[in-house]
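Encoded as structure tokens, the structure appears first; notes follow it.
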Amino acid sequence: MEILEKLKGKVIVSSQAMPDEPLYKEDCMEAMMASVINGGASGLRVAGARDVRNAKKFNIPVIGLTKPEKLPSNWREVVYITPTLKEVNELIEADADIIAFDGTSRDRGNCSLKEIIDAIHRANKLAMADISTLEEGVNCSNLGADIISTTLAGYTMESGEPTEGPDYELLKELVKNINKPVILEGRIWEPKEVTKAFELGAFSVVIGSAITRPQLITKRFIEG
């Protein structure tokens, strides 16, 4: 698929901010997208229909997802990334090339993973499952997901506490056990970590906070 070929062996940048953060303003997010593309990003991962529509202006692959305006206090226990068909349809209408969704085994009410994946495919979009364990990755692959991402590793009750850096062990197990593109995402802060990810078989790498979350970047320096 043409979209996947554009992302193979490339870095995708997650350009996101929560509504209560200064960078959430529409012009700020657009400027952020333009900046990371100028730096060489080959794809964008953005939250919400507004940012998907703006990201499409740049003519590179766009991964769209939705998140609530504020994460619930029990966020490790609940589905909050593109949780239902309603959010999937919003992203389809905004013309995301790839739609990312929570691919964990957690309850999502009256909407199944299979229904989400099928709806994405009916719209001729690619389905990207954000998972936290090997079992979840295998399940989503079997259900027809086009891409498996380690996005939620360390951020669910099922996956335990996060590793110090990227979850390379999960990446290796996914690459070994499924025949789908596997994307490494989560806790990537150094260029050498990206290199290692590709050496271990990652199809692409998504980098977020280390590039687009200045408050977290600043905090690392202050605490260091």
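Keep in mind that the numbers below use all heavy atoms, side chains included, and drop hydrogens, waters and symmetry copies.
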I'd like to know if [Y] and [X] are part of one continuous hydrophobic network [Ile/Leu/Val/Met/Phe/Trp/Tyr, side-chain heavy atoms within less than 4.5 Å].
| X | Y | value |
| --- | --- | --- |
| I99 | V79 | no |
| I183 | I207 | no |
| V62 | V88 | yes |
| I120 | L65 | no |
| I63 | L126 | yes |

Can you check whether [Y]'s main-chain N or O pairs, donor with acceptor, with [X]'s side chain at less than 3.5 Å?
| X | Y | answer |
| --- | --- | --- |
| E77 | N74 | no |
| D167 | L170 | yes |
| K67 | I81 | no |
| T150 | A153 | no |
| Y168 | E193 | yes |
| K180 | I148 | no |
| T212 | S14 | yes |
| T218 | P214 | yes |

Taking C-beta and beyond as the side chain, do [X] and [Y] meet within less than 4.5 Å on heavy atoms?
| X | Y | answer |
| --- | --- | --- |
| V175 | F203 | no |
| K8 | S204 | no |
| S15 | V36 | yes |
| E26 | R50 | yes |
| I117 | F101 | yes |
| T66 | P83 | yes |
| E90 | E93 | no |
| T151 | I131 | no |

Under a 4.0 Å threshold between the charged nitrogen and the carboxylate oxygen, would [Y] count as salt-bridged to [X]?
| X | Y | answer |
| --- | --- | --- |
| D146 | K125 | no |
| E173 | K176 | yes |
| D118 | R122 | no |
| E164 | R187 | no |
| D130 | R45 | yes |

Going from [atom1] on [X] to [atom2] on [Y], what distance comes out if it is rounded to the nearest 0.5 angstrom?
| X | Y | atom1 | atom2 | value |
| --- | --- | --- | --- | --- |
| T84 | N89 | OG1 | CG | 8.5 Å |
| T133 | E135 | OG1 | CD | 4.5 Å |
| L174 | S141 | CG | OG | 9.5 Å |
| I178 | N139 | CD1 | CG | 11.0 Å |
| D51 | M29 | CG | CE | 5.0 Å |
| S105 | E136 | OG | CD | 4.5 Å |

*Mind checking what makes side chain to side chain donor-acceptor pair (under 3.5 Å) contact with R76, not counting sequence neighbours?*
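Not a single residue meets the side chain to side chain donor-acceptor pair (under 3.5 Å) criterion with R76.
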
Shortest non-hydrogen contact from [X] toward [Y]:
| X | Y | value |
| --- | --- | --- |
| H121 | G144 | CE1-O, 3.1 Å |
| A119 | L85 | CB-CD2, 3.7 Å |
| S132 | T156 | OG-OG1, 2.9 Å |
| L113 | C140 | CD1-SG, 4.1 Å |
| S159 | L152 | OG-O, 3.7 Å |
| M32 | L23 | CE-CD1, 3.5 Å |

_T82 side chain to E87 side chain, donor-acceptor N/O pair below 3.5 angstrom_ =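 No.
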
Under 3.5 Å, side-chain donor or acceptor atoms of residues 194-202 against the rest of the protein: list the pairs with distances, not counting sequence neighbours.
from, atom 1, to, atom 2, distance (Å)
T195, OG1, P191, O, 3.4

Looking at [X], I'd like to know if its [atom1] atom is crowded, meaning that more than 12 non-hydrogen atoms belonging to other residues, nucleotides or ligands lie closer than 6.0 Å.
| X | atom1 | value |
| --- | --- | --- |
| K10 | NZ | no |
| D27 | CG | yes |
| M157 | CE | no |

*Could you give all pairs that pass the salt bridge (charged side-chain N to carboxylate O under 4.0 Å, His left out) test and reach residues 201-213, with sequence neighbours left out?*
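Qualifying pairs, neighbours excluded: E21-R213.
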
*Give the intermediate values and the outcome of side-chain contact (heavy atoms from CB on, under 4.5 Å) for residues I98 and I3.*
CA-CA 9 Å; I98 301 169; I3 293 295; 3.8 Å; yes

*Does the pair C111 and I116 meet the rule for a side-chain contact (heavy atoms from CB on, under 4.5 Å), with working shown?*
CA-CA 7 Å; C111 178; I116 285 176; 3.5 Å; yes

*Knowing that exactly one of V205, V11, V206, I211 qualifies, which makes a side-chain contact (heavy atoms from CB on, under 4.5 Å) with I188?*
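Result for side-chain contact (heavy atoms from CB on, under 4.5 Å) with I188: V205.
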
_For the residue pair R108 and Y80, would you count it as a cation-pi contact if the rule is NZ or CZ under 6.0 angstrom from the ring centre and within 45 degrees of the ring axis?_
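No, cation not above the ring by the 6.0 Å, 45° rule.
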
